Amino acid sequence: MKKLLTILVASILCVCCVGLAACNTAAGTYKIKSMTEAGITVEVGEKLDEDYIKLELEKDGVAKMTTKTILGSVVKEGTWEQKGKTVTITIGDEPQEYTLDGDTLTYNNGDSGMVLQKVD
């Protein structure tokens, strides 16, 4: 009986750990929340449309970044991987490291960067 109880508890713990890992995945769709350039930060609503940048991180490791321009939208495709709270997105030959914090991804490159908010 003791052995059966130990196996049952171990199984429940494994299921819970796998479930928690899945909850902390970066996969999903993100939209721009704020952008910093030359130390100046602009929030959505202050000359920045939330549809300016959309990032889709698919569960199979495909990354799609859509940037809205005057001439229309530009979609670039690449890959992404996650190690803990670090999400590396590679589009072209340019890997960029983002930090995952809850439902936000933050990219910081000195005096420039952006914050993306998960929308799904």
Side-chain angles (χ1 to χ4, degrees):
M1 183 68 174
K2 240 182 179 180
K3 197 174 200 177
L4 180 62
L5 184 59
T6 302
I7 291 171
L8 181 61
V9 169
S11 297
I12 290 171
L13 286 174
C14 285
V15 168
C16 289
C17 288
V18 169
L20 287 175
C23 290
N24 292 325
T25 182
T29 301
Y30 296 80
K31 289 189 176 184
I32 190 81
K33 182 177 178 185
S34 66
M35 180 175 263
T36 303
E37 189 62 44
I40 299 169
T41 301
V42 179
E43 303 282 334
V44 166
E46 307 171 352
K47 300 181 183 178
L48 184 62
D49 184 340
E50 74 171 358
D51 292 323
Y52 176 64
I53 293 177
K54 181 173 87 171
L55 176 65
E56 297 170 272
L57 300 179
E58 298 176 2
K59 290 180 182 179
D60 62 359
V62 173
K64 294 179 185 172
M65 184 173 283
T66 305
T67 307
K68 192 172 159 184
T69 69
I70 295 171
L71 301 174
S73 295
V74 176
V75 180
K76 294 183 179 179
E77 204 169 300
T79 61
W80 72 278
E81 65 180 6
Q82 179 178 356
K83 291 182 182 166
K85 291 186 174 195
T86 302
V87 178
T88 304
I89 301 170
T90 305
I91 295 178
D93 293 330
E94 298 180 34
Q96 295 181 334
E97 284 193 357
Y98 291 73
T99 302
L100 178 65
D101 184 14
D103 62 353
T104 61
L105 278 175
T106 304
Y107 172 70
N108 188 351
N109 188 22
D111 65 349
S112 65
M114 64 180 156
V115 177
L116 302 162
Q117 183 81 40
K118 195 172 201 176
V119 294
D120 76 351

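Below, all heavy atoms of this structure are taken into account, side chains as well, without hydrogens, waters or symmetry copies. Not measured: the values here are computed from a predicted model.
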**Q** What is the minimum heavy-atom distance between Lys59 and Ala27, and which atoms define it?
**A** CG-CB, 3.9 Å
**Q** Measuring from Thr104:OG1 to Gln117:CD, what's the distance to the nearest 0.5 Å?
**A** 6.0 Å
**Q** Restricting to side-chain hydrogen bond (donor to acceptor under 3.5 Å, both in side chains), what partner residues turn up for Thr41, sequence neighbours left out?
**A** Thr36
**Q** With rounding to the nearest 0.5 Å, note down the distance linking CD in Glu43 to CD in Glu50.
**A** 13.0 Å
**Q** Tell me, please, which residues at least two apart from Lys64 pass salt bridge (Lys or Arg N to Asp or Glu O under 4.0 Å).
**A** Glu58
**Q** Which other residues end up in the same hydrophobic cluster as Val115, if Ile, Leu, Val, Met, Phe, Trp and Tyr are linked when side-chain heavy atoms come under 4.5 Å apart?
**A** none
**Q** Working to the nearest 0.5 angstrom, can you tell me the gap between Asn109 CG and Glu37 CD?
**A** 9.0 Å
**Q** Please give the remaining members of the hydrophobic cluster of Leu48, linking ILVMFWY side chains under 4.5 Å, ordered by chain and number.
**A** Tyr30, Ile32, Met35, Val42, Val44, Tyr52, Ile53, Leu55, Leu57, Met65, Trp80, Val87, Ile89, Ile91, Tyr98, Leu100, Leu105, Tyr107, Met114, Leu116
**Q** Can any side-chain N or O of Lys85 pair as donor or acceptor with the backbone N or O of Gly102 at less than 3.5 Å?
**A** no
**Q** With a cut-off of 6.0 Å (strictly less than), are more than 12 heavy atoms of other residues, nucleotides or ligands near NZ of Lys33?
**A** no
**Q** Decide if atom CG of Asp120 counts as having more than 12 heavy atoms of other residues, nucleotides or ligands within a radius under 6.0 Å.
**A** yes
**Q** Output all residues satisfying salt bridge (Lys or Arg N to Asp or Glu O under 4.0 Å) with Lys54, sequence neighbours left out; order by chain, then residue number.
**A** none
**Q** Give me the atom names and distance for the closest heavy-atom approach of Ala26 to Gln82.
**A** N-OE1, 2.8 Å
**Q** Test of understanding: with salt bridge (Lys or Arg N to Asp or Glu O under 4.0 Å), list the residues that count as partners of Asp49, not counting sequence neighbours.
**A** Lys68
**Q** Measure across Thr69 and Gly72 and return the closest heavy-atom pair with its distance rounded to 0.1 Å.
**A** OG1-O, 2.5 Å
